[in-house]
K.L.:
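What follows is a single structure, and I will ask about it in a moment.
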There are 2 protein chains.
Amino acid sequence: MSSREPLTRDRIVDAAVRLIEREGVEAVSMRRLAAELGAGTMSLYNHVPNKAVLVDLAAERIMAQARPYHVDSDDWRDHFRAHARAIRELARAHPRAFVLLSTRRLSTEAGFRTIEVALRNFERAGFRGKIAVGMMRAMVSYLLGTLMREVATSPELGGIALSPYEDVDTSAFPLSAEVLDELGTYDHDHEFEFGLELMIAALERYRPD
Amino acid sequence: MSSREPLTRDRIVDAAVRLIEREGVEAVSMRRLAAELGAGTMSLYNHVPNKAVLVDLAAERIMAQARPYHVDSDDWRDHFRAHARAIRELARAHPRAFVLLSTRRLSTEAGFRTIEVALRNFERAGFRGKIAVGMMRAMVSYLLGTLMREVATSPELGGIALSPYEDVDTSAFPLSAEVLDELGTYDHDHEFEFGLELMIAALERYRPD
DNA sequence: CCCTGCGACGTACGGCGTACGTAGGAGGGT
DNA sequence: ACCCTCCTACGTACGCCGTACGTCGCAGGG
């Protein structure tokens, strides 16, 4: 872990990103980071004002890793699907970091890249200006929501594992009881696509032409 | 702060809920909670196994505060709107707690109450069984997403305050530049309703009749 | 040659969650 | 009346945490 290179903001942020991806934000501590870099704890403070902005910087770095999607189609729906799936892949590739990103505002270059692509797709679909922003926000909300739920329920992250509904008397909830098995089951692929089509259907309904 | 009543799980959870609502989850600590109850720190552990489940219990308690909505209408759309707005009100009433709730699974009585109401509304709208569960999940995702965003961007919670897009060169993002003002502005009421109508439109499109 | 400034680091303080041991009192069995 | 058991309250202590502060060594310029 030791190294002869001098401490750099870059090196510190890199180490933070690696640690976040490996063990999650809660595993990040200044002491541990320093140890991993073979440096003294307080040396980090020569390059970073405090832990909060270090985490911000790490979030930004992760966001910058997002790669644009590519799709061969003129249909705006295909672009939506591809873009949404790309974002989902990002979330699944960095599940622990995603929760982090979702809380933060994306006012960086990388964030704008994503926004720009989305706006282009909305333009393709016939939405412009203010209405496009509203649509995008609704879309973002949906994506944020599903992906948060998907990440939160993935077992490898200490999410929900088994027998969630054991000690609740479901007799008072007849409709829930009817679909109890379904409520306890998650098919994330299917659910994501289902919701995505739902959103696209909604957009279609609002389209001018 | 002192009190002659004996320590109880109930009293401890209550104190935790109050503290969460006042200062957020991050302000909760066993020592502070004990002090607020006029008790020794370690006494809490006679009633609660550890902090994590204490926070879980607090989340559950807050969730149980949710009151059913009421609406005078036979139109399923009105029920959707009323239910969604009720959830939003809960989020706005307990913004600090909402982030907490959103992460956790709601396998309690209170959670089922909400699920049951939603399922009844979907039934009213013509959706049943598996498809209703899928719809509900899409709806939940959207609500979770918007409300997370709304809560995260509310300034009174240390959210985004001012001039977010200053040091980014927007010339590379023409579409974003065009709507830059819009991107920096939030009208949560309007956005929520807009997205809600979008979702309802989507459901309408999938309806059998 | 010295001086200045900066990066690296040690120490220390006040906080945290909680394992562990103890002490005291309440209740039941004899 | 006695004792024994068990439960609750609590103090101490350990190993973490973020970070304020002071010092030391070295590189570069005068």
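Lettering follows sequence order; numbering is per chain, from 1. Just the heavy atoms: all of them, side chains too, but no hydrogens, waters or symmetry mates, feed the values below.
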K.L.:
Between the side chains of A:Asp10 and A:Arg61, is the shortest nitrogen-to-carboxylate-oxygen separation below 4.0 Å, so that they form an ion pair?
P.N.:
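Between A:Asp10 and A:Arg61 there is a salt bridge, with a charged N closer than 4.0 Å to a carboxylate O.
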
K.L.:
Taking all non-hydrogen atoms of both residues, which atom of A:Arg149 and which atom of B:Ser141 are closest, and how far apart?
P.N.:
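Result for this residue pair: NH1-OG, 3.3 Å.
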
K.L.:
Where along nucleotides 8-21 of chain C does protein come under 4.0 Å, by heavy atom, of base (B) or sugar-phosphate alone (S), with - for untouched nucleotides?
P.N.:
BBBB----BBBBB-

K.L.:
What class does the angle between the rings of A:Phe112 and B:Phe173 fall in, given that below 30° is parallel, 30 to 60° is tilted and above 60° is perpendicular?
P.N.:
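Correct class here is parallel.
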
K.L.:
Given B:Met30 and B:Leu54, is the side-chain contact (heavy atoms from CB on, under 4.5 Å) satisfied, shown in steps?
P.N.:
CA-CA 10 Å; B:Met30 301 304 269; B:Leu54 172 54; 4.0 Å; yes

K.L.:
Can you tell me how the ring of B:Phe80 sits relative to the ring of B:Trp76, calling it parallel under 30°, perpendicular over 60° and tilted otherwise?
P.N.:
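Rings of B:Phe80 and B:Trp76: perpendicular, as their planes differ by over 60°.
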
